[in-house]
Amino acid sequence: MQTRYVPNLTGIPETMLWTLHSRAGEAKRPDGVLKDAEALRIYGAIDYDFEKSFGRAEPSLAIRAVEMDRGIRAWLATHPDGFVVSLGEGLETQAHRLDNGRLRWLSVDLPEAVAIRERFLTPNERLMHFPVSALDRAWMDRVDASKGVFIVAQGLFMYFEEDDVRRLIVDIAERFPGAELLFDTIPRWLSRRTLKGLHRTRAYQVPPMPWGINRDALEATLRRWVPRIRQVELKPYTFPRGFFRYGYNGLNMLPWVKERLPALVHVRFAERSV
C-alpha cells in the first residue's frame, strides 16, 4: 500500500490545500457542479486533516473554478492551439479538465508549490511547470504568443500589494497585446478583516490579503492602469443549491451590497496600435 503524502505547508502555499478541499468536496457530490477526477485522486493521496483546518467543504472555490473553466473553454473554442498561463496554480487541475489535446499550458508557482504539484501531476511538452513567483517576469519568456494567450490567476492577486498587482497587469498588457486575463477579487472590508487576523477555523488563520477592491471600482481602476483595455466583464459568484442559492445569490441583486462581494474579472486587452 502506497504511503500518503504528508504536506508541510504554511502561509499562502497552504491555501492550495484549501482550494483542493473545496473542489474535491464538490466533485464528490452526485449533484456537484464540478467534475474533477484528478482533484479526487490527489485529495485521496494527501494525509492532511482538511476539515480541521478548513471546516466542511463548501462550494465557493469550486464555483470559482467552474466559472473560470467556462471562460477559458470559450476562448479555446476560437484559439484551440492557444497558450494558457496559470499563475499561482498550486494543485489546481484545470489544465486536465480543459485539455483539448492541442493547447499549451504553463503552470507558474513558487518552487515549493511546484515540487508538491509534480508529486501528482507530471509535466510534459504541452502541460508545463515553471517554478517562480508570478511576480517574477521570467515566466513571460516561456510564453509563445503566436496562437493567442490567456492568463488565469485563481485566488492569487489578493495576496499581493496593490502596486504589485498594478505593475503585473500593466506588464501583461504590454507584453501580450490582445491577450485575455481572468482573475478574482475580494472586497475591501474582507481584505481589512484578513489583515487584522481572520480565522477560518480554530486551527487555521487565513493569510493576510492586502489587495481588496470593491466591484464598482474595478473597471475604472483597471482602465486607469491600462488604457488599452478592450473590455472588462465582471461576474458574481452564484451558488447552485441550498441556503446560499437563495441567500447569497439574492445579495447580488442589491445595488449597495453586491459591490462589496467577491467577483470574477475577465479582462480583454486591445491589440497593439499601429
Side-chain angles (χ1 to χ4, degrees), residues 9 12-13 15-16 19-20 38 42 65 68-69 71-161 163-184 211 222 225-226 228-230 265-272:
L9 294 168
I12 296 171
T15 63
M16 74 170 72
T19 58
L20 177 64
E38 286 291 89
I42 296 168
M68 291 192 166
D69 282 2
I72 301 171
R73 190 178 288 113
W75 182 82
L76 286 171
T78 56
H79 302 79
D81 299 295
F83 202 109
V84 181
V85 182
S86 183
L87 300 176
E89 189 162 38
L91 288 171
E92 171 61 75
T93 50
Q94 193 167 47
H96 297 265
R97 296 195 301 271
L98 300 177
D99 190 10
N100 61 3
R102 296 166 59 180
L103 63 78
R104 287 162 296 165
W105 190 288
L106 183 66
S107 176
V108 177
D109 212 329
L110 297 171
E112 59 266 38
V114 171
I116 294 173
R117 181 177 179 84
E118 292 190 348
R119 286 178 170 269
F120 305 105
L121 299 165
T122 303
N124 57 47
E125 61 182 10
R126 287 192 307 105
L127 308 182
M128 301 162 281
H129 298 162
F130 193 46
V132 299
S133 165
L135 298 178
D136 185 334
R137 305 308 194 263
W139 64 261
M140 295 184 176
D141 297 330
R142 299 296 183 102
V143 177
D144 176 2
S146 61
K147 303 294 184 180
V149 178
F150 195 109
I151 297 164
V152 59
Q154 285 198 63
L156 179 66
F157 285 173
M158 62 281 296
Y159 294 110
F160 295 156
E161 297 290 340
D163 201 46
D164 288 328
V165 178
R166 178 188 61 81
R167 287 197 300 261
L168 180 57
I169 292 177
V170 168
D171 288 351
I172 288 171
E174 179 63 27
R175 186 71 176 267
F176 306 114
E180 300 191 21
L181 171 66
L182 184 58
F183 63 95
D184 56 308
W211 188 52
L222 291 169
W225 292 351
V226 184
R228 290 190 305 102
I229 287 177
R230 180 164 55 89
V265 188
H266 192 159
V267 180
R268 296 172 175 88
F269 297 110
E271 297 284 352
R272 197 185 307 277

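Throughout, numbering of the chain's residues begins at 1 and tracks the sequence.
- Considering CG of Leu91 and CD of Glu38, their distance stands at 11.0 Å, rounded to 0.5 Å.
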Item to complete: Report the C-alpha separation of Arg142 and Val85 in whole Å, then their side-chain angles, then the decisive distance to 0.1 Å, and conclude whether the side chain to side chain contact (heavy atoms under 4.5 Å, CB included) test is met.
Response: CA-CA 10 Å; Arg142 299 296 183 102; Val85 182; over 6 Å; no
Item to complete: Check step by step if side chain to side chain contact (heavy atoms under 4.5 Å, CB included) holds for Arg228 and Glu174.
Response: CA-CA 9 Å; Arg228 290 190 305 102; Glu174 179 63 27; 4.1 Å; yes
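- A heavy-atom distance below 4.5 Å is not found between the side chains of Leu110 and Val114.
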Item to complete: Just do the side chain to side chain contact (heavy atoms under 4.5 Å, CB included) check on Met128 and Ser107 with the steps written out, would you?
Response: CA-CA 6 Å; Met128 301 162 281; Ser107 176; over 6 Å; no
Worksheet item: Between Leu9 and Ile116, does a side chain to side chain contact (heavy atoms under 4.5 Å, CB included) hold up when you go through it step by step?
Response: CA-CA 10 Å; Leu9 294 168; Ile116 294 173; 3.4 Å; yes
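- To the nearest 0.5 Å, the span separating CH2 on Trp139 from CZ on Arg175 amounts to 8.5 Å.
- Atom CD1 of Ile151 is separated from atom CD1 of Ile72 by 11.0 Å, given to the nearest 0.5 angstrom.
- Looking at residues two or more places apart in sequence or on another chain, you find a side-chain contact (heavy atoms from CB on, under 4.5 Å) between Asp69 and Leu34, Arg73, Gln94, Arg97, Leu98.
- The side chain to side chain donor-acceptor pair (under 3.5 Å) search around Asp99 returns Arg126, not counting sequence neighbours.
- With a 4.5 Å cut-off on side-chain heavy atoms, Gln154 and Leu87 do not count as touching.
- Contact check for Leu103 versus Leu76: side-chain heavy atoms found under the 4.5 Å cut-off.
- Residue Ala173 comes nearest to Val226 through the heavy atom pair CB-CG1, 3.5 Å, listed as atom of the first residue, atom of the second, then distance.
- Summarising the geometry of Met16 relative to Ala113, their closest heavy-atom pair is CE-CB, 3.4 Å, with the distance given to 0.1 Å.
- Residues Leu127 and Ala95 approach most closely at CD2-CB, 4.3 Å, considering heavy atoms.
- Of all non-hydrogen atoms in Phe176 and Ala145, the two that sit nearest each other are CD2-CB, 4.1 Å.
- In terms of heavy atoms, Trp225 sits closest to Val170 at O-CG2, 3.6 Å.
- Glu180 has its side chain out of reach of Val149: every pair of non-hydrogen atoms, C-beta onward, lies at least 4.5 Å apart.
- For the pair Asp164/Trp211, no side-chain contact is recorded, criterion being any heavy-atom separation below 4.5 Å from C-beta on.
- The shortest distance between side-chain heavy atoms of Leu182 and Val265 does not fall below 4.5 Å.
- Distance NE2/His96 to OG1/Thr93: 7.0 Å, rounded to 0.5 Å.
- Not counting sequence neighbours, the partners of Ser86 by the side chain to side chain donor-acceptor pair (under 3.5 Å) test are Glu89.
- Here the closest heavy-atom approach between residue Arg117 and residue Gly90 is recorded as NH1-O, 2.9 Å.
- Scored by the side chain to side chain donor-acceptor pair (under 3.5 Å) test, Glu118 finds His129 as partners (sequence neighbours excluded).
- Applying the ring-ring contact (aromatic ring centres under 6.0 Å, His included) criterion to Phe157, with sequence neighbours excluded, gives Phe183.
- Inter-residue side-chain proximity for Arg137 and Arg167 is flagged as met; some heavy-atom pair is nearer than 4.5 Å.
- Scanning for side-chain contact (heavy atoms from CB on, under 4.5 Å) contacts around His79 gives Trp75, with sequence neighbours left out.
- Looking at heavy atoms from C-beta onward, Leu181 lies out of side-chain contact with Val152 at the 4.5 angstrom threshold.
- When the options Arg102, Arg104, Lys147 are evaluated for a salt bridge (Lys or Arg N to Asp or Glu O under 4.0 Å) with Asp81, the one that passes is Arg102.
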